[in-house]
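Down below is the structure, laid out as structure tokens.
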Amino acid sequence: MKYQPFEPAHYYHIYNRGNNKQTIFKVEENYNYFLKLVKKHLLLIADIYAYCLLSNHFHMIVRIKEEKLFSTRFKSGKVKLHQPFSNLFNAYAKAYNKRYQRTGSLFQEHLKRIKIEDENYLKNLIIYINTNSSHHNIANYESYKHSSYSSLVSNNTTWLKRNEVIDLFGDKENFKYVHSLTKT
């Protein structure tokens, strides 16, 4: 299956899971390292709106930045927009394989992506991703440490696009309210 290339100024739901549905995050350090790599590689070309990391898969909403905001190497076209994603997943897989003395592919073949062109769909995905731990009966989304929800409702500094996300829902109270409607 050929994937549509990433385009500047567009939102994408990206997701993937472990090869053969295997675990890709075993311990707290794995989750933290993955997010460190997200910041290192993806913030060069994209803004992050929501994420959820579960033991065997992840979801993320990104908005590829406008082309004028890219560094020269991306503007020139010499480096394609998918390269930071590739760098992120390769770096994580290499570190994971080294730590757990394993070889081979960690993730399924290709990063999955869906271009988001409708604001209602974007809002529903943000809710779905933030509450994903509840959908899988892992933990209550309000207390789950490996999703964007707590960062989005807090006042602490974050690298997420908190203001833009909250504005989609009107205000923080409505953001919390619409999430509470999905409790299982």
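Numbers here are sequence positions counted from 1.
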Which atom of [X] lies closest to which atom of [Y], heavy atoms considered:
| X | Y | answer |
| --- | --- | --- |
| E66 | A9 | CG-CB, 4.0 Å |
| Y15 | L111 | O-CD1, 3.7 Å |
| L81 | I45 | O-CD1, 3.4 Å |
| F175 | L152 | CZ-CD1, 3.8 Å |
| N174 | F169 | ND2-O, 2.7 Å |
| H41 | L88 | CD2-CA, 3.7 Å |

All salt bridge (Lys or Arg N to Asp or Glu O under 4.0 Å) counterparts of E117, not counting sequence neighbours: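 Partners of E117 under the salt bridge (Lys or Arg N to Asp or Glu O under 4.0 Å) test: none.
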So [Y] and [X], do their side chains get closer than 4.5 Å, heavy atoms only?
| X | Y | value |
| --- | --- | --- |
| L125 | I114 | no |
| S133 | Y149 | no |
| Y33 | F25 | no |
| N30 | V27 | yes |
| H146 | E28 | yes |
| Q22 | R102 | yes |

Could you tell me if the ring centre of [X] sits under 6.0 Å from that of [Y]?
| X | Y | value |
| --- | --- | --- |
| Y128 | H135 | yes |
| F107 | Y96 | no |
| F6 | F85 | yes |

Steps toward side chain to side chain contact (heavy atoms under 4.5 Å, CB included) verdict (S147, H59): CA-CA 9 Å; S147 85; H59 293 272; over 6 Å; no
Residue pair E29, R99: steps toward the salt bridge (charged side-chain N to carboxylate O under 4.0 Å, His left out) verdict: CA-CA 11 Å; E29 182 183 328; R99 175 168 182 174; 3.0 Å; yes
Could you label the plane-to-plane angle of the [X] and [Y] rings as parallel, tilted or perpendicular, counting under 30° as parallel and over 60° as perpendicular?
| X | Y | result |
| --- | --- | --- |
| W159 | Y51 | parallel |
| Y141 | H179 | tilted |
| F58 | F89 | parallel |

Ion pair E7/K115, N-O distance below 4.0 Å: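 Salt bridge present between E7 and K115.
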Worked verdict on K112 versus H57 for side chain to side chain contact (heavy atoms under 4.5 Å, CB included): CA-CA 11 Å; K112 314 255 185 321; H57 72 283; over 6 Å; no
Evaluation steps, side chain to side chain contact (heavy atoms under 4.5 Å, CB included), between R63 and E164: CA-CA 11 Å; R63 182 179 184 274; E164 289 83 345; over 6 Å; no
Counterpart residues, side chain to side chain donor-acceptor pair (under 3.5 Å), relative to S86 (two or more places apart):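 Once residues adjacent in sequence are excluded, the partners of S86 under the side chain to side chain donor-acceptor pair (under 3.5 Å) criterion are N90.
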Trace of the side chain to side chain donor-acceptor pair (under 3.5 Å) decision for N130 with S148: CA-CA 6 Å; N130 282 322; S148 54; 2.5 Å; yes
Donor-acceptor pair, [X] side chain versus [Y] backbone, under 3.5 Å?
| X | Y | answer |
| --- | --- | --- |
| Y11 | E119 | no |
| K161 | Y49 | no |
| N97 | G104 | yes |
| N56 | G18 | no |
| R17 | Q108 | no |
| D118 | N120 | yes |

Cation-pi check, K26 onto Y100 ring (under 6.0 Å, within 45° of axis):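 Yes, a cation-pi geometry holds between K26 and Y100.
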P84 and its side chain to side chain contact (heavy atoms under 4.5 Å, CB included) partner, picked from L37, L43, L42, V38: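 So, applying the side chain to side chain contact (heavy atoms under 4.5 Å, CB included) to P84 and each of L37, L43, L42, V38, only L42 qualifies.
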Trace of the side chain to side chain contact (heavy atoms under 4.5 Å, CB included) decision for I64 with H10: CA-CA 6 Å; I64 305 298; H10 284 87; 5.6 Å; no
